[in-house]
Structure formats: C-alpha cells, structure tokens
Amino acid sequence: MTTATPSPTSATPALLRPVFPRRPSRNRVVISLARHLSLLLVLVVVLYPLLWMAGASVRPSNEAFGTLGLWPSNFTLENYATGWSYGSLNFSRYFVNSLVISVLCIIGNVVSCSLAAYAFARLEFPFKRVMFALMLGTLLLPYHVTLVPQYVLFNNLAWINTILPLTVPKFLATDAFFIFLMVQFIRTLPRELDDAARLDGCGHVGIFRRVILPLSLPALGTTALFTFIRTWDDFLGPLLYLNDPAKWTVTQGLNGFLDATGESAFGPLFAMATLSLAPIVGFFLVAQKLLIEGIATSGLK
Amino acid sequence: MMSPHTRPRRRALGLVAGAATFTLVLTACSGGTRVGETTQESAAPEASGAEAGLGDVEGTLRIAYWGSGPRVDLTNGVSDLFVAENPGVTVEPESADFAAYFERLNVQGSSGNLPCVPQMQGRQLASYATQGALMDLDPLIESGAITVPDIPEEVIDTGRGPDGGLYFIPYGAAYDAVEINATLAEQAGVGLPEEGYTWEDFGEYITEAQGSLPEGIAAANLGGGLPNYFIAWTQARGEEMFEDDQIAFSEETLAEFWTFWEDLRNAGATSTAQQRAEEPPQTEQRYVAQGKVMLDSVPGNALTPGQATLSGLAPGQELTTVAMPSGEGGSGNVLFTSGWAISANCDNVPTAAAFIDFWANNDEAAALFASNNGGVTNTRHLQQQLDNPELPALKKHELELYQQVIEAKPPTVSYPAGYQANFETAFNRAYETVSLGGTSPEDAAAAFIAEVNAAFGAQ
Amino acid sequence: MTTKDSRLTGAGVRRRGDRTSVLPDVDDLTDPGSSHGRRASGQARREALAAYGFLTPWLAGMLLLTLGPMAYSLYLSFTRYNLLTPPEWQGLANYQRMLVDPRFKASVGVTLEYVAVAVPLILIVSMLVAMVLNQGIRFLPFYRASFYLPSLVGASVAISMLWRTMFGGDGVFNAFLARLGIEGQSWIGNPDTALYSLVALSVWTFGAPMIIFLAGLRQVPKELYEAAMVDGAGPLRRFFSITLPTLTPLIFFNVLLTTVNAFQAFTPAYVISNGNGGPLDSTLFYTLYLYQRGFTQLEMGYASAMAWALTVVLGLFTAFMFATARFWVYYGDER
C-alpha cells in the first residue's frame, strides 16, 4: 500500500482543521462550542424562510403577509382545518395519491436503475460506450421539448388520466441521473470484492445481490430519497396526466389555492405547503439513520 | 494491468441505425391524431346545417376551466344542476389555475385531445380559433342548439375570432377598473374622481393626492406596463388597438402613454420601477390590497378579495372601484369576457351545446355561480342578482359598475392570435426598458411596435 | 468474503505520479468500469448476455419511451410547429433565427453568468457542509436534516413568496441591512441584482450535492485513515491523499450534474419572476426562454431547436469532462 503524499497546496481551509484534532486538549471544548455556535448561526439563516412559512401558516389568512417576524400574534390552527378540505379540495385523498405514486416511483427507480448501473459499472458487453453515451445524452436535453411527444405517445396508449405515465417510465430506468449516480458509486467499490465473491461461486446475479447492493446502500438510499422528493414535488407531470380531481396529487392541490383571476387562499396554502413537507422530512430522517449512518459503522468493517 | 479489448465499431453503428429506424416508426405512430385532421366521430359540424348540435343529450362530457377553490365548487355545482336536469350525462371537470390551464390545453391540443368544452377568454381565443381547434358556434345558434336571447349582441361579439366566427359563448364579463383606497383618498383630501373623469384629470388627481399621503405610501401603482391601462388609453382617444392582426394605434399614442406614467413616476407619485417589478400577480398580494399604494387598476372582481386582505393588514381602510378614465373618443372601458367553447375534436356536440345553453339561460345555475368570473352576461340574471337582498355590498358595487359599463355599449377589442404571449408580456418588458433601463418612451414605443408586429406576422 | 484487506488496497490512496502507469487507454474514457483483463471468449459472451439481462428494463425504456420523443423533438426543431396544427418542414430556419434573436442572446448571457457564479458556490458550500457534518459531531442528524430541509421544498408558489419576503424591498435582508445602517433596495426588482437573488436561492437548496458528498464521505474506509495515521500523515495530507481521491468519482458526478442542471435551470426563475424572466430579462434563463417560446408563444419548433443547440453544447462539455476525468478521477475498480 502506498503512503500518503505531501499536500500539494499550502492553503489551509479553516473548516478542515478540526476534522482530525491532533491530540485531545482543553481547547476541544472551546472548539466544539464554537463549531456548534457557528453551525447554529448558519442554520438560522438557512431555516428562516421555512420558519417564516410555518409561522405564516398559523396566522389568520389575511395577516399572512406584512410581517417579517416568525411568531404569530394571533395564533390559530384554522388554516390547517380549512386547508385540509378547502372547497372541493381534499387533501387526505391527495396525500394518499402522492404517496402511492411516490412509492411506486421509488421502487421502480431503485430496482431498474441499480440493474442498469451494475451492467455499466462492472460488465463488459458490445455497444457499451454507445449505450452509455446515449444514456448520458438523455440527461442533456431539456425536458420541455420532449413533453409534447411524450404526451402524444401516452395519449396513443390511452394512459391519460391514469398514473401509468408517471410510474411506468421509472420501472424502465428512464431517469439517467440515477443510473449515472449509481455507476459512480459502484465504481468507488474495489473490484477485489467481486473477485472474492466469484471465487466463492457467485455469478453476476450473486455478485450484484450479495456484494454490490449491500455496499451501495448509500447510493440506493440517495436514489430513493431524491426520487421521493422529485415525485412528491412534481407539478407538471400530474397536471398533464391526472385531470380527474379524484386522482390529484398534493402539488395540484396546493395549486388549487391560487388563482390570479379570482381569489387565492394564502393561509391554507402555507398550512398545506408546510404539511406537505412532513412526509419527505420523515422519510429523510428515517433514510439518513438507516442508510447514511448505517453504512459507516456496519457496511464496510 | 490494462488489456486492450475489442470494440466492434461497425456493429455499434448498426445498432444506432437500428434504433433510429425504430424511432422513426415510433414517431410516425406518435404523429397520430391532430386537431386539424379530426377523427370520424366529430364529422364536420358545419355539414349538419340546420341540425347542427342537435341530438341526444347523454354520455360523458369533458369540460375544462381555470380557477381555484370557491370557483371550482361553484362550477361543479352548476354541472351537478345540469346533470340533474339531464340524467344520463356525466360531466368530467378538469381545472387548474390560469397559467397551468392554458399550458395543459396546449399540450392536449397537440394530440387532438382537447376537452369537449374548454373555457376561453378573448385574449387567447384567436390562437386556438385560427388553428381550427375550436368549433364555429354560429350554426348551433341558428339550429337552436344554443340560445342566447338575454345576452347583449356586443357581449356575444367578444366571443368572435379574427375570421368573424363565433367561438365561445361568454357567460361572465370582467372589466378593468381603477381600485382606490377610499380611506387614504379621504385622508389626502382628494376624495374619489368624478364620473367621466379624463386621463388628464386622473394625472392631476394622483399628483394632488401624493402631496398629502403619509410617507411610504405612493398615490398610484406604476401602471405603464399594464396593457389594460393602455387599452383604456387608446379607447379614450377613439383609436383601434389592432387591425388585420397588426397594431393599429400610433407610435405617438404609446409614447405619450408611457410619458404620462414617467412624469408621475419622476414626480414620486407612483411606486418605484423596482417595486413594480417585484409585485406578485395574485389579487391579495397586490400593493393596493396591501395598503402600500392608494390606487391601481384591477379587474372589477378583485374588489372583494382585495378588501378582505386590506381589512386584515390595515383595519378600517376601505377599497372601492371606479370606471377607467375616459376621453374625447369615449369611455376607456372594455369587457374581458370568459365563456365556453366547443373543441373541434369533441365527439359529443349535442351534450356540449346543451351544457353551454344551460349556462347561458338557467336561472338556478346563474344564481348559484353568482357572477364569480365577471358579471353574468345574461341581463335577466344580472338583474336577478342585483335584486337579491342578500347580495354582499362589495359584490353589488362590482355588478353595478359592470351594469354602468355595459350600458355604455363598450367597444369590442379583437385580439390577434398570440396576443397574450406576444403583446402582454412584451408590453411590460418594453415599459421596463423605459422605467428601469432609461430608454426614451419614443424609442421604446417604436421598438415595441416593430417587435410585436413581427411576432404577429409570424403567427 | 475478504472485504477488509481488499478494501484497503483497492481504494483511493494513490500517488498522483502513480496514475500515469494505470491510465486506461483513450478508448476507455466514456467507458466506465471497463478493462477488466483478458478473458476467454465464452466468458465474455456470458458476461455480455448477463449485461443485457441487467440492462433489459433500461433498453426497453430507451427504445419505447425515450428515444422516440427525443428523435421527434429533433425533427420538430426543423419545423414550424404550433402544437395545434401539424408541423411544417422549414429546414434550418429555426437555427438561423437564434443567431439574430436578441432575446436569445440575452438568455445565453444570463445563463452563462448564472452557471459561472452558482455552480462553484453550490459545489463549495455543499462540500464544506458535508465535511463539517461528516465529523463526529453531536446532534449530527439534527444538523444534517436542517441543512437539507430547504432542498425538500418543491419549487412552488410558496417559495416565490418566501423569496420575496427575503429579498424584496420590504424584505428581511433589507431589514438586516438597515440595522447596519445600510439602505437596501429591491434585490428582486433591480435588474442588476435579480439574478443574484436566484443564485442565493439555488445555493440555499444545495442539499442534493451535499447528500451525495456525504454519502461518499461515509464510504471512505476508516482503515485508510488509520493506516495513514500510522504513517504519520497530518490532517491536511490525509484529506488530500485519502478523502479527496476517494471522493473524486462523486466530485466528478456533482460537477457534471450541477453544471448541466445550472444550464437547464428553469424553476427558480419561473417561480420568482412569474415565468417572464424579468425585470428587463435579467433572469431570462435559457430554458425559461425556451419554455416561453414553446408553450406560451406556441413556437415549439423554435423551442426544440433551442433545446438541441443546448444539448450539443452540453454534450461537448460532458465529453470534455470525461476527457479530463482520467487526470483527476480515481475509481476504486481500477488497478
């Protein structure tokens, strides 16, 4: 094994220093405190807009604007009550719809993209370069111009007003972003692992299942998380393909609070927008515990 | 360590070619149905002559409209009434907010999948009508499938396209008005403008008010970028907006309009150009509803939600609306109507016609919808609503002003195809080159007219 | 399975000088994870078969769902197409039009400025935060979740209002400046600063690259650090000889994708400027302009031409990235 090289630069990024404290000292407490303080300070800036939104969601609707403060003087949960079933809007239904679509998309992306990524990262086959370039190419074309041809295609398949146009493509690995992401992850894994498994009698499926997948948990978790966020926050897809109000998703519901030509309901909008964050935040919290932290302690030791 | 491996390049080419061929096949399929070449069921509506649009009212009917919360409930409520009267009909509504609505409509149009009855507005109409996406409704009126005895002729005419065909039946008519914070105007000692006030009076009114307003509140919201103000400006001068799909007003007219606003802005009587640039579009967020400016031009139906917001932020302040300024050429008011059209690919025309007829004539439906999208166009219904003692005061004011506008028989502006996309957004941008960029109103007007005419010509 | 030892020899610790000796041939550039030794042809065939098995869903998606629409949009770029009537062939007219369209030029300028400013900022911030969060710091899950929170909010109308509350004339930022005795302005309404308020928005939602970095950092085996400590390597040296090299595949990914995304940036400007790219076209991103042309002005042919022009540029950029990758990206599967 080679030893470390001398550092090629003399610049010392201040933030890097505490990563490896040379020896324990009394300074550690001070450093740790300073670190927490500066992190908290940055956090306040980062979270202010979101806290403001949460604050606005518990103010009376017509007081939503006009204050920069966070804590409402007239605290009310009315926006949540009215927003949940505002007129014909029905958020219990939208949350269920969004969840169903998201879960399907997550399964589809994780399965199909990891399969493709394994082939690209580890296997040799004819036309590999062409296919890889093609895969990357699909990332580069702005999606707005394929929107119409895709709609025509799905319309010919009679898939309009079903969730098929939103979910089936995920099972066919059309999100090149995630294939590429997983290729990069898998390629950080040493090939000796595959060889060892091969010696143990594993075929490609075995290597994929027993070696690559377990070690790629962070990548799979990242894929699941990003897929969830993208699907959950997607507006254009549901707008085009889910016309029936009973099939609406949360984003369509949020859009239903606004109308530039009539009345808008900002209080309920903020309330439901805040609430719509809950599932992804929850997913993130679970995912980071299971996947990001888990790997460092168990995965590679 | 490294080993060269063989790469079959020729076969790679072969695969690409194969994929390309496949793609072409797929493309050929996806070219599919298109609005122009509609399928058998819709069988050229014009051909059926006297019978146009007559037939069994049954089956499913896809309708689409823009709007949020309350309007969705009201529209669906009317659909329910229609279904109750026509058992055997199912109405499938598709709604979204204004921008998203048209975005979806365009995509649907690309595959001949427009809803049977889409909602339309004069400003967008031509883009669809000139492309054969909508059905001419005149034959349906002749055959009696749709009856409009109580809608004034000049209101019906707002549903006509550039070719003179009738493409939607207006059910609601909005007008733009000047919304004034009456409380602030009172405090500034200027009151409200007198009926029949001119643009000159308007300018003086704003300047005078600014002198006595509290610091931080501008007398007027900067209006140089609002196309509807400008339409009022041309109407007051008796000028046409468009002719033969080109701009008909003169460069001077536009330059003077912008100079009018520049003078006010430079005198500090309006919100700043930067403030105007960051103003959100929703009624509740406009500066006049926030109590940050004393007056602004708004659609007439913005009064109620605007007042609700203002009451929350500045309790006690009251908003009201007055007609647009006028001039020698006439009043500056025009109607912006919304109504129902029938798409060319609709395969259930009799039901679509019955639905539109229901909106145009049913008392119960009109009472339920209560002029939610502009004043109801059926004059009988309008009177019924005004006579309703339970009508809220602000709504009553909105409808009375509407009645006043309509009695003056406002002119109809016929908007060329691509009006909203090419004129409205460009208008605001062109004024920004003046207010933010320092271009002279004359140069900006010349550049704007050239740009827009070129865009219209390319449609 | 012998994971521990092989892990140690396999990953990142490698002298820069060593690289040249393990460089793959040029053919390998766009060919991730190739070059795994000579094989019997039977084995190669079995491997190819397995590969196509793994690729079946992707191939099906590519052929059935992706290639068709892409090729159709390429065809549209040579036509006049208003969505409502069939496209009409007009050759290169759309491409020629780009050369003389002043707003097209404006959108290119805006986009380049945005890419140049936002991409480095996003990458540096996300890398730094990821490294800070990678330490054994208390309340780590809390910090990580909090920093990631902004990225979870979809680009909704709510965001545009939040941003106005931050950077509008009456916004928080100005209130803060006022405390310092500085008179603010409308950062969103001023054409000179509007773009930077969008840069701030995209830096605010830096979570995606951060999570990728973080996941990558977590994959750096602790044994490597321990071994390096035994060799007497200081923190800086450990960072540059272990952390950074192991992370390079993900840095590569983030640089490439963040840049591509920045070139394709749409939603921030769409949401904040209500889709018009104002004030004075100062936030007229390339794809926003493309979208205006395609969906509001119903010139889908021109929009498609713009999209393909961008795709060619991004393709060149991607090829360039892959060409340079061999000088600085270290894969664990190379030996």
Against chain A, label [X] side chain, backbone, both or neither, depending on which of its atoms sit under 4.5 Å from a heavy atom there.
| X | answer |
| --- | --- |
| I212(C) | both |
| Y291(C) | side chain |
| V172(C) | both |
| L256(C) | side chain |
| N254(C) | neither |
| T66(C) | side chain |
| A175(C) | side chain |
| Y52(C) | side chain |

Chain A: which of [options] shares the most heavy-atom pairs with it under 4.5 Å?
| options | value |
| --- | --- |
| A303(C), A208(C), G315(C) | A208(C) |
| W163(C), W308(C), F263(C), Y286(C) | W308(C) |
| P57(C), S304(C), G232(C) | P57(C) |
| F266(C), F252(C), F317(C) | F266(C) |
| L290(C), L310(C), V129(C) | L290(C) |

Handout entry: Intermediate values then yes/no, side chain to side chain contact (heavy atoms under 4.5 Å, CB included), L149(C) and F284(A)
Key = CA-CA 9 Å; L149(C) 209 50; F284(A) 176 73; over 6 Å; no

Exercise for the section: Could you give me the CA-CA distance, side-chain angles and deciding distance for L152(C) and W232(A), then say whether side chain to side chain contact (heavy atoms under 4.5 Å, CB included) is met? Expected result: CA-CA 9 Å; L152(C) 302 178; W232(A) 190 264; over 6 Å; no

Closest contact, heavy atoms only, [X] versus [Y]:
| X | Y | value |
| --- | --- | --- |
| M131(A) | W58(C) | O-CH2, 3.6 Å |
| A50(C) | H204(A) | CB-CD2, 3.6 Å |
| P49(A) | L162(C) | O-CD2, 3.3 Å |
| M300(C) | H144(A) | CE-O, 4.5 Å |
| T188(A) | P249(C) | CG2-CG, 3.6 Å |
| L140(A) | L314(C) | O-CD1, 3.6 Å |

Side chain, backbone, both or neither: which part of [X] has a non-hydrogen atom closer than 4.5 Å to chain C?
| X | value |
| --- | --- |
| L141(A) | both |
| Y151(A) | neither |
| F154(A) | side chain |
| F257(A) | neither |
| I229(A) | side chain |
| F180(A) | both |
| I179(A) | side chain |
| L139(A) | both |

Exercise for the section: Measure up the F226(A) and Y148(C) rings against each other and bin them: parallel (under 30°), tilted (30 to 60°), perpendicular (over 60°). Expected result: parallel

Any chance you could measure [X], atom [atom1], to [Y], atom [atom2], to the nearest 0.5 Å?
| X | Y | atom1 | atom2 | value |
| --- | --- | --- | --- | --- |
| L65(C) | T146(A) | CG | OG1 | 11.0 Å |
| S73(C) | L147(A) | OG | CG | 11.0 Å |
| Q184(A) | T248(C) | CD | OG1 | 9.0 Å |
| R122(A) | F54(C) | CZ | CZ | 12.0 Å |
| L181(A) | F253(C) | CG | CZ | 4.0 Å |
| M166(C) | W52(A) | CE | CH2 | 7.5 Å |

Handout entry: Step-by-step side chain to side chain contact (heavy atoms under 4.5 Å, CB included) determination, Y143(A) to T287(C)
Key = CA-CA 9 Å; Y143(A) 68 92; T287(C) 39; over 6 Å; no

Handout entry: Note, F295(C) side chain near V148(A) side chain (heavy atom, < 4.5 Å)
Key = yes

Handout entry: F139(C) and L39(A), any side-chain heavy atoms less than 4.5 Å apart
Key = no

Handout entry: Evaluation steps, side chain to side chain contact (heavy atoms under 4.5 Å, CB included), between Y72(C) and V152(A)
Key = CA-CA 11 Å; Y72(C) 191 57; V152(A) 174; 5.6 Å; no

Practice task
Measure from the side-chain N and O atoms of E47(C) to the backbone N and O of F125(A), and report whether any donor-acceptor pair falls under 3.5 Å.
Solution key: no

Practice task
Could you have a look at T174(A), V45(A), D234(A) and say which one has the most heavy-atom pairs with chain C under 4.5 angstrom?
Solution key: T174(A)

Exercise for the section: With a 4.5 Å cut-off on heavy-atom pairs, point out which of F177(A), F171(A), F185(A) contacts chain C the most. Expected result: F185(A)

